[in-house]
Amino acid sequence: MELIFFYLVALVAVTSGFLVITCQNPVNSAISLVMTFFCLAVFYVMLHAPFMAAVQILVYAGAIMVLILFVIMLLNLGAESKRRYAHNVVGGAAAGVVVLLIGSFIVLRGQVTGLVGDITPQVIEQVGHTELIGQTLFTRYLLPFEITSILLLVAIVGAIVLAKKEV
Amino acid sequence: MLTVHHYLVLGAILFTLGTIGVLTRRNAIVIFMCIELMLNSVNLTFIALSRHLGNLDGQIFVFFVMAVAAAEAAIGLALMITFFRNKESVNVEDFNLLKS
Amino acid sequence: MHSYDYLWLIPLFPLLGALINGLLGKKIKNETVIGAIGTLAIASSFVISVIYFFRLLGDSQKVHEQVIASWISVGTLQVDWGFLFDPLSALMLLVVTGVGSLIHLYSIGYMHGEEGYYRYFSYLNLFCFSMLMLVLGNNALVMFIGWEGVGLCSYLLIGYYFHKKSAGDAAKKAFVVNRVGDFGFLLGLFLLFWTLGSAHGVWTVNFVEIQANAHLLGAGGAIVTAITLLFFLGATGKSAQIPLYTWLPDAMEGPTPVSALIHAATMVTAGVYMIARMNGLFAMAPDTMMVIAIVGAATAIFAASIGLAQNDIKRVLAYSTVSQLGFMFLAVGVGAFTAGVFHLMTHAFFKACLFLGSGSVIHAMHHALHHAHVHDDPQDMRNMGGLRKHMPITHITFLVATLAIAGVPLFSGFFSKDEILHWAIGSTHGHWGLWLVALFTAGLTAFYMFRLVFMTFYGQERMVEKAKKHLHESPAVITIPLIVLAVLSVFGGYVGVPELMWGAHRLEHFLDPVFGATMATYGIGMLPHSAAFEWGMVAAAVIVATSGILLAVFMYHMRPDLPGKVVASFQGAYRTIHNKWYVDEIYDALFVNPTKRLGTFLWKGFDVKGIDGIVNGLGKLVQLFSGALRITQSGLVHNYALTMVLGMVVIVAFYVFR
């Protein structure tokens with residue numbers, strides 16, 4: 001039952017991902033990308049990470065994609081050119097296939113190793129996913145978290161400086 | 001039985017789609033979206049492995065990746081606006097100042 | 001014990017003068033100010049030199065060293081900026097600054113209205129500075145600084161009229177020929193330093209220490225002979241001796257006061273001074289001494305013979321200078337260091353007077369010919385004659401100096417030349433052959449100098465008619481130095497009247513602290529002779545000089561048609577000496593042209609084809625490769641991204657499939 005659902009959602013994700021790179025109109029690509037993001041959010045829920053799913057929807061589908069769409073509309077880029085692809089479309093596709101082959105090889109032949117923890121679905125049920133993330137984030141990862149805020153500040157300032165007409 | 005490998009292969013496929021998009025498309029904004037797709041495929045891999053290993057560190061990484069992606073979106077789109085203002089285009093083949 | 005603390009001011013003044021005139025002269029513009037700065041600078045040095053000279057006379061200690069600062073201090077090599085003040089350098093200081101001051105004064109008038117007036121005075125001051133460093137230096141390296149400095153100034157001043165090709169060529173020739181000599185000087189210095197240091201543990205370039213330790217080298221050894229011969233090669237370059245004399249006659253392209261100061265009175269005597277300064281070293285090598293004496297005698301007669309047949313007034317004087325320098329080398333070669341220095345001094349007086357006198361003549365002739373609008377050569381004696389009436393002061397002073405150089409008794413040249421002749425036959429290093437050559441040269445000298453006088457000042461006036469009324473005496477600023485030098489030419493010899501003529505030979509006693517020890521140690525001195533023999537020698541010299549003069553009087557004054565007949569009957573000989581024995585042509589064929597051909601080959605064959613070929617070939621090769629590589633640099637973002645991905649794939653694949 002779960003497997004069938006996975007394949008269903010995965011099919012949607014791959015299809016919309018494929019549409020992203022094939023659509024003539026950037027708006028259509030953007031919409032397809034949002035679709036992919038939604039699918040990913042579903043996978044996060046299936047992986048017992050409901051907080052990440054919410055953030056995925058809020059940040060990606062909500063903020064970033066809106067920004068991209070806004071820019072597309074602003075620059076009025078709707079299907080300006082018949083030629084979607086660059087000259088080296090064959091080379092790019094071949095490189096992509098090689099990447100896929102190597103990636104699959106790693107996944108299927110490799111062994112999953114890493115730091116094993118004790119966060120089981122039962123623990124998440126009891127404590128709550130958001131609380132667990134918050135605890136880790138504000139204890140072990142406090143410094144990177146604060147640095148992230150500086151990164152965002154820099155990005156804001158940079159975006160304003162770059163987009164301003166006269167400096 | 002749904003294993004972690006299913007998620008990993010799905011991540012690989014999405015990553016490949018993103019790579020192909022980056023390498024072949026001419027529209028800079030579409031390329032930008034393909035980069036987001038690649039980032040998300042990695043996010044999926046992170047969360048799948050985090051779940052598999054029972055360790056929350058991977059999800060924290062996803063959190064940071066999202067922050068970086070947000071910053072990147074701001075800067076990248078600002079760059080695109082600047083470029084469009086100069087060249088009336090967001091076609092990467094017009095990014096040709098390096099060409100003699 | 002007296003104080004000589006301000007010795008360093010002597011070279012400093014001319015240096016300051018050179019700097020002021022050189023840097024600010026273009027702004028000053030006023031010729032009087034520029035000339036005054038230059039003259040005052042050297043005159044101040046003269047005043048100090050005179051004060052210190054008299055202080056030294058009354059001093060019991062005769063050799064003073066003064067170290068200003070350390071210059072080079074590397075391992076065993078210790079070189080200071082130091083000065084050596086002893087009777088020899090004191091005398092040279094007087095000559096250089098005294099004659100130098102007069103010539104500066106003269107130049108104010110002579111160079112009037114020339115372009116680059118300030119440049120001239122700057123160079124002249126710089127020359128004086130270098131010459132004073134050469135004279136005063138207490139070690140061979142400081143002397144070498146001066147040695148090179150005077151060479152440079154000589155080059156600059158010969159090429160003063162640089163827009164004239166002949167002047168530029170002459171300057172280059174002087175410089176290149178001098179380089180050959182300087183090379184010998186340096187090699188000699190290296191060999192001396194190394195031999196004294198490595199074999200005997202005395203690492204020094206200081207003159208006093210060289211003098212004190214020269215005996216370690218072993219008298220008559222091969223090494224010491226090599227060292228002294230190399231030094232002598234340096235001296236032949238600077239002092240215009242065979243084989244390196246050819247530059248001096250060409251150097252007459254420079255302004256006449258320069259010829260007087262540099263190419264007659266001071267710089268060219270540097271070689272003699274250098275040998276006198278290192279007398280202890282040279283006395284160790286009797287073979288070298290013999291070579292020096294022979295070269296000196298040969299140069300003397302050779303140059304005198306060329307002087308017989310020249311028509312350019314300055315060229316005659318130039319060959320006369322070479323000849324007189326030969327006399328000086330003959331003197332130091334037979335061990336008569338005092339006589340060499342003595343002749344150096346008297347020669348400075350009368351030869352400077354002669355050159356300045358010729359400058360006065362040329363000045364007047366140039367002026368007159370210019371006003372007459374003719375382009376005859378103002379230096380050619382065939383255009384002169386009868387100038388006596390127009391230029392009385394120049395005539396008298398010139399005549400006095402000519403009498404001095406001819407060796408007429410009671411004039412200064414008589415005493416110094418007689419002493420050289422005397423030593424040439426009578427000293428332990430002497431030989432009657434040398435004496436005979438020198439005596440004959442003295443006769444030739446008297447002859448060609450009086451030929452010059454008669455062609456210039458006597459006889460009929462051969463210049464263009466229109467020019468005659470423009471001839472007049474030079475201004476006082478030119479005639480005063482002439483008069484002073486003429487007086488010195490007469491009385492300058494009285495410091496060295498020998499005992500034979502009831503004199504005290506003060507100069508010999510004065511210079512004794514420098515030469516006395518060497519003479520005593522190596523047994524250099526006069527053989528015992530009877531007074532009658534000595535008087536005989538004097539009489540021979542006087543007779544030869546007088547007959548030379550009389551011959552000139554007969555040929556050029558009483559029978560002006562005779563020279564032409566003589567030339568006609570000895571065509572071949574005349575042409576040979578008129579063309580300076582074809583030495584320049586021989587040197588051209590032997591050294592200059594092969595070098596030029598080698599240079600041309602290196603330029604066209606080696607440089608253009610070889611070096612440039614390699615360089616251009618490398619360039620072509622790089623172009624070829626880059627043409628191939630340039631395909632990868634398409635300038636398209638996609639291609640770069642693709643390359644990046646491929647690189648990433650390769651790296652990951654390497655780790656996966658390893």
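The chains referred to below are lettered A, B, ... by the order of the sequence lines, with proteins before strands, and numbering in each begins at 1.
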| query | Of the backbone (N, CA, C, O) and the side chain (C-beta and beyond), which part of Thr113(A) lies under 4.5 Å from a heavy atom of chain B, both, or neither? | reply | backbone
| task | Measure Val30(B) against the heavy atoms of chain A and call it side chain, backbone, both or neither at under 4.5 Å. | result | side chain
| Tell me, side chain or backbone of Leu100(A) under 4.5 Å from chain B's heavy atoms, or both, or neither? | both
| remark: Checked Val68(B), Ile47(B), Thr82(B), Val9(B) vs chain A; the most non-hydrogen pairs under 4.5 Å come from Ile47(B)
| query | Highest number of heavy-atom pairs under 4.5 Å with chain A: which of Leu53(B), Val62(B), Leu8(B)? | reply | Leu53(B)
| Main-chain N/O of Val116(A) paired with Asn55(B) side-chain donor or acceptor, under 3.5 Å | no
| Hey, does the side chain of Arg25(B) reach the backbone of Ile21(A) with a donor-acceptor pair shorter than 3.5 angstrom? | yes
| field | Ile31(B) portion near chain A, given a 4.5 angstrom heavy-atom threshold | value | neither
| field | Heavy-atom contact with chain A under 4.5 Å, split by part of Ile13(B) | value | both
| Which atom pair, heavy atoms only, marks the closest approach of Gly92(A) to Thr24(B)? | CA-CG2, 4.0 Å
| Nearest-0.5 Å distance that lies between atom CZ in Phe18(A) and atom CG in Leu14(B) | 13.0 Å
| query | Hey, are the side chains of Leu132(A) and Gln59(B) touching, using non-hydrogen atoms and a 4.5 Å cut-off? | reply | no
| Going by heavy atoms in the side chains, are Ile75(B) and Leu162(A) under 4.5 Å from each other? | yes
| field | Atom group of Leu2(B) that falls short of 4.5 Å from chain A, counting heavy atoms | value | both
| message | Nearest 0.5 Å, please: how far is CE in Met52(A) from OG in Ser50(B)? | response | 9.0 Å
| task | Using a cut-off of under 4.5 Å on heavy-atom pairs, state which of Glu72(B), Met80(B), His5(B), His6(B) scores highest against chain A. | result | His6(B)
| Proximal component of Tyr7(A), with respect to chain B [non-hydrogen, under 4.5 Å] | side chain
| said: At a 4.5 Å cut-off on heavy atoms, which part of Thr36(A) comes close to chain B: side chain, backbone, both, or neither? | reply: side chain
| query | Hey, what do you get for CG (Leu115(A)) to CG (Leu56(B)), rounding to the nearest 0.5 Å? | reply | 11.5 Å
| field | Largest heavy-atom contact set with chain B, pairs under 4.5 Å, which of Pro144(A), Gly91(A), Ala13(A) | value | Pro144(A)
| remark: The single option from Leu75(A), Val71(A), Leu74(A) that satisfies side chain to side chain contact (heavy atoms under 4.5 Å, CB included) with Phe84(B) is Leu75(A)
| query | In terms of heavy-atom pairs under 4.5 Å, which option from Ile68(A), Leu151(A), Asp118(A) contacts chain B the most? | reply | Ile68(A)
| request: Could you tell me the separation between the CZ atom of Phe46(B) and the CG atom of Leu47(A), rounded to the nearest 0.5 Å? | output: 14.0 Å
| message | Quick check: do Phe6(A) and Leu10(B) have side-chain heavy atoms less than 4.5 Å from each other? | response | yes
| Non-hydrogen atoms of Ile20(B) and Gly96(A) that approach each other most closely | CG1-CA, 3.6 Å
| message | If we define contacts as heavy-atom pairs under 4.5 Å, which of Ala159(A), Ala95(A), Gly103(A) has the most with chain B? | response | Ala159(A)
| field | 4.5 Å side-chain heavy-atom contact, Met65(A) and Glu36(B) | value | no
| field | Pairwise distance CG(Leu44(B)) to SG(Cys39(A)) - rounded to 0.5 angstrom | value | 11.0 Å
| said: So which atom in Met33(B) and which in Ser29(A) form the shortest heavy-atom distance, rounded to 0.1 Å? | reply: CE-CB, 3.6 Å
| task | Side-chain contact test, heavy atoms from C-beta onward, threshold under 4.5 Å: evaluate it for Asn43(B) versus Leu40(A) and give yes or no. | result | no
| said: Given heavy-atom pairs under 4.5 angstrom as the criterion, report whether the side chain, backbone, both or neither of Ile29(B) touches chain A. | reply: side chain
| message | Atom CZ of residue position Phe38(A) - does it have more than 12 heavy atoms of other residues, nucleotides or ligands inside 6.0 Å? | response | no
| task | Below 4.5 Å from any heavy atom of chain A, which atoms of Phe15(B) appear? Answer side chain, backbone, both or neither. | result | side chain
| field | Test of ring centre spacing under 6.0 Å for Phe63(B) and Tyr141(A) | value | no
| query | Which bit of Val97(A) comes within less than 4.5 Å of chain B, counting heavy atoms only: side chain, backbone, both or neither? | reply | backbone
| request: Using non-hydrogen atoms and a 4.5 Å limit, figure out which bit of Ile133(A) sits close to chain B: side chain, backbone, both or neither. | output: both
| task | Can you see which heavy atom on Gly17(A) is nearest to which on Leu17(B), and at what distance? | result | C-CD1, 3.9 Å
| said: Do Asp57(B) and Arg140(A) have side chains that approach each other closer than 4.5 Å (heavy atoms only, starting at C-beta)? | reply: yes
| Heavy-atom pairs under 4.5 Å with chain A, option from Thr19(B), Leu77(B), Leu49(B) with the top count | Leu77(B)
| query | Given a strict heavy-atom distance threshold of 4.5 Å, which part of Ala94(A) is in contact with chain B: side chain, backbone, both, or neither? | reply | neither
| message | Can you tell me which of Ala67(B), Gly21(B), Gly54(B), Cys34(B) forms the most heavy-atom pairs within a distance under 4.5 Å of chain A? | response | Gly54(B)
| request: For residues Arg51(B) and Ile124(A), determine if any side-chain heavy atom of one lies less than 4.5 Å from a side-chain heavy atom of the other. | output: yes
| note | One option among Leu108(A), Leu67(A), Val59(A), Val20(A) has the most heavy-atom pairs under 4.5 Å with chain B, and it is Leu67(A)
| request: Measure Val22(B) against the heavy atoms of chain A and call it side chain, backbone, both or neither at under 4.5 Å. | output: neither
